[in-house]
Amino acid sequence: MPVPIALIDCNNYYVSCERAFNPSLIGVPVVVASNNDGCAIARSQEAKDLGVRMGDPIHLIRDRLREHDVRVLSSNYTLYGDMHRRVVMSVQDFARDVEVYSIDETFLDMAGFEDRDLVVHARAMREQVRRWTSIPTCVGIAPTKTLAKLANRVAKKDPGLEGVADLRDEGHRRELMDVFPVDDVWGVGRATAARLEAMGITTASGLADMPMKQARGLGTVVLERLVAELNGIPAGVVETMEPQRKGMAVTRSFGSPVREFETLMGAIAQYAMRAGEKLRQHGLVAGRLTVFYHTSPHRPDLPPHSASASCSLSPMTSDGLELLDNARRLAGRKWRKDGAHAYVKAGLMLDDLVLEGERPRTLFEGDQTKRRALMEAMDAINAKYGRWTVVPAIQGFKREWKMRAENRSPAYTTRIEDVPIAYA
DNA sequence: TCTGGGGTCCTAGGACCC
DNA sequence: TCTGGGGTCCTAGGACCC
């Protein structure tokens, strides 16, 4: 019998974070918008009931939102990130080990807890999270991660379960999988679902019954592993060591379209400096840099242009100004001087990341001490006086490309001025 | 006026090597 | 008519995730 795996998943996470500090949002429809207030990325149950779907463009559903008095908030990742830390802290003692899977989901390795009533145990964990953070959650328990995801979904859908579904029993599991839509299975996306449905497979049970060889032929090893997991055979374990990350990106849509190179470079410069900061925070250096910018794919009436260029970085670096130099050269190389294009998004990606201490030395590198000290000084100033207190001049002052965030909540838990005050 | 920002893994196919 | 047989490494692109 494999070790039980539990998955705890926060309900309507971003909305729940907002509600934790703003009770007027409780019981009314709430939507949290993506960066640039672009689309709906989190909805309260009331908003889901009104038919607001994940990824709906806000500007296309504006009328319906207004009609039903839906509260629309800009996303506040500082708050969600800090609340996440608290949620993970709350669950830690309830498992042997945890794997943080995303900002709102954590897998738990339940080895050593098997002799307990795991359903009762999981309810106590939910209660702990609720008391410490006010965030509502659901828990799924099963022999594999894929089944734990499925169990979690079941727990979310059926209020009678009081937030916890235990799918360790195979007979019970089968009954539920017989009516579980195959496209809701973790790892089955649009393309795979379409292929499966063409073969008459529409439920999780149908996929579980597919012979392994057929699964391999239809998809890749990924689908083959998925079939194994649906049959209770673990193809992956709870990973407690954080894997070394391979790439990193800073990309943003602009608040309004950009037509001039100077303006574009202002944005790219900021992304480069931010990318350098991120590298240094993680103690990494990058070996490859890619810059891209493009026009709107949603505007077929305008001339399209998509530019992308990369170069390798030698010596490998985390120096923001070094990244900026390279980014400017690459961006300039692809720039079209006709002024006919309205760019809506740009970004910078870093690859071939290695730990700073494992950086390969090159033959002709000069003394980096001064530059490193400069970066440290900039980091220190920006940490103390706020992001973008010191910036390279090329970043500009007008920042007309800055993204929209018209209704962002305060940083309740991470800025002393924003901490809520309770009157006696 | 107007549609997010990150990530991972896998495979095919080309370049290059002996 | 016939055109070797492997290897490795890298990149682009697809699919999926939250």
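Residue numbers begin at 1 in each chain, while the letters A, B, ... track the order of the sequences.
At a cut-off of 3.5 Å, with distance as the only test, no side-chain donor of A/D82 or A/T414 sits close to an acceptor on the other residue. Between A/N407 and A/S74, the side chains place no donor N or O within less than 3.5 Å of an acceptor N or O (distance only, hydrogens not considered). Judged purely by distance below 3.5 Å, without hydrogens or angles, the side chains of A/E18 and A/S409 pair a donor atom with an acceptor atom.
For the pair A/H59 NE2 and B/dT3 P, the interatomic distance rounds to 5 Å; values are reported in whole Å. In this structure, A/K402 atom NZ and B/dT1 atom C1' are separated by 18 Å, rounded to whole Å. Between A/M403 atom CE and B/dG5 atom C1' the separation is 10 Å, expressed in whole Å. Atom-to-atom, CE of A/M349 to C1' of B/dG6 comes out at 11 Å; the value is rounded to the nearest Å. Whole-Å rounding puts the A/L65 CG to B/dC2 P distance at 18 Å. For the pair A/R64 CZ and B/dC2 C1', the interatomic distance rounds to 16 Å; values are reported in whole Å. Distance CG (A/N36) to C1' (B/dT3): 10 Å, rounded to an integer number of Å. Protein atom CZ of A/R404 is 7 Å distant from nucleotide atom P of B/dC2, rounded to whole Å.
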Watson-Crick and G-U pairing of DNA chain C written in dot-bracket, each distance under 3.5 angstrom, with | for inter-strand partners: ....||||||||||||||

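If A/P257 and A/R216 are placed on DNA chain B by their nearest nucleotide, the residue sitting closer to the 5' end is A/P257. Toward the 5′ end of DNA chain B lies the nearest nucleotide of A/D37, the other residue of the pair A/D37 and A/G219 mapping further downstream.
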Where protein sits on nucleotides 7-18 of chain C, one letter per nucleotide: B base, S sugar-phosphate only, - none, heavy atoms under 4.0 Å: --------SSSS

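For residues 247-267 of chain A, the ring-ring contact (aromatic ring centres under 6.0 Å, His included) pairs, not counting sequence neighbours, are A/F261-A/W335.
Looking at the side chain of A/K278, the nearest of the listed nucleotides B/dG4, B/dG6, B/dC2 is B/dG6. For A/T251, counting side-chain heavy atoms from C-beta on, the closest listed nucleotide (B/dC2, B/dG6, B/dG4) is B/dG6.
In the region residues 238-248 of chain A, proximity to DNA chain B at under 4.0 angstrom, judged on heavy atoms, holds for A/R245, A/K246, A/G247, A/M248. The stretch residues 319-335 of chain A has no heavy atom under 4.0 angstrom from DNA chain C at all.
As judged by a 4.0 angstrom heavy-atom cut-off over every strand, A/N35 is placed among residues touching the sugar-phosphate backbone only. If you check every strand for non-hydrogen atoms under 4.0 Å, A/R252 touches sugar and phosphate atoms only.
Using a 30° and 60° split on the angle between ring planes, A/Y293 and A/Y343 fall in the perpendicular class, above 60°. Taking the six-membered ring where tryptophan is involved, the planes of A/Y80 and A/Y77 are perpendicular, since the angle between them exceeds 60° and thus also 30°.
No side-chain donor-acceptor contact under 3.5 Å links A/D325 to the backbone of A/E322.
Stacking of A/K145 on the aromatic ring of A/F107 is recorded, both the 6.0 Å distance cut-off and the 45° axial limit being met.
Environment of NZ in A/K157: crowded, with over 12 heavy atoms of neighbouring residues, nucleotides or ligands closer than 6.0 Å. Heavy-atom neighbours of A/R361 CZ from other residues, nucleotides or ligands within 6.0 Å: above the threshold of 12. No more than 12 heavy atoms of other residues, nucleotides or ligands sit less than 6.0 Å from atom NZ of A/K402.
Expressed to the nearest 0.5 Å, how far OG1 of A/T146 lies from CD1 of A/I233 amounts to 11.5 Å. To the nearest 0.5 Å, atoms CG (A/L348) and CZ (A/R274) are separated by 12.5 Å. Taken to the nearest 0.5 Å, the CG atom of A/N11 stands 12.5 Å off from the CZ atom of A/R130.
Residues passing the salt bridge (Lys or Arg N to Asp or Glu O under 4.0 Å) test with A/R153, sequence neighbours excluded: A/D184.
Look at A/K345 and you'll find a side-chain N or O under 4.0 angstrom from OP1 or OP2 of B/dG5.
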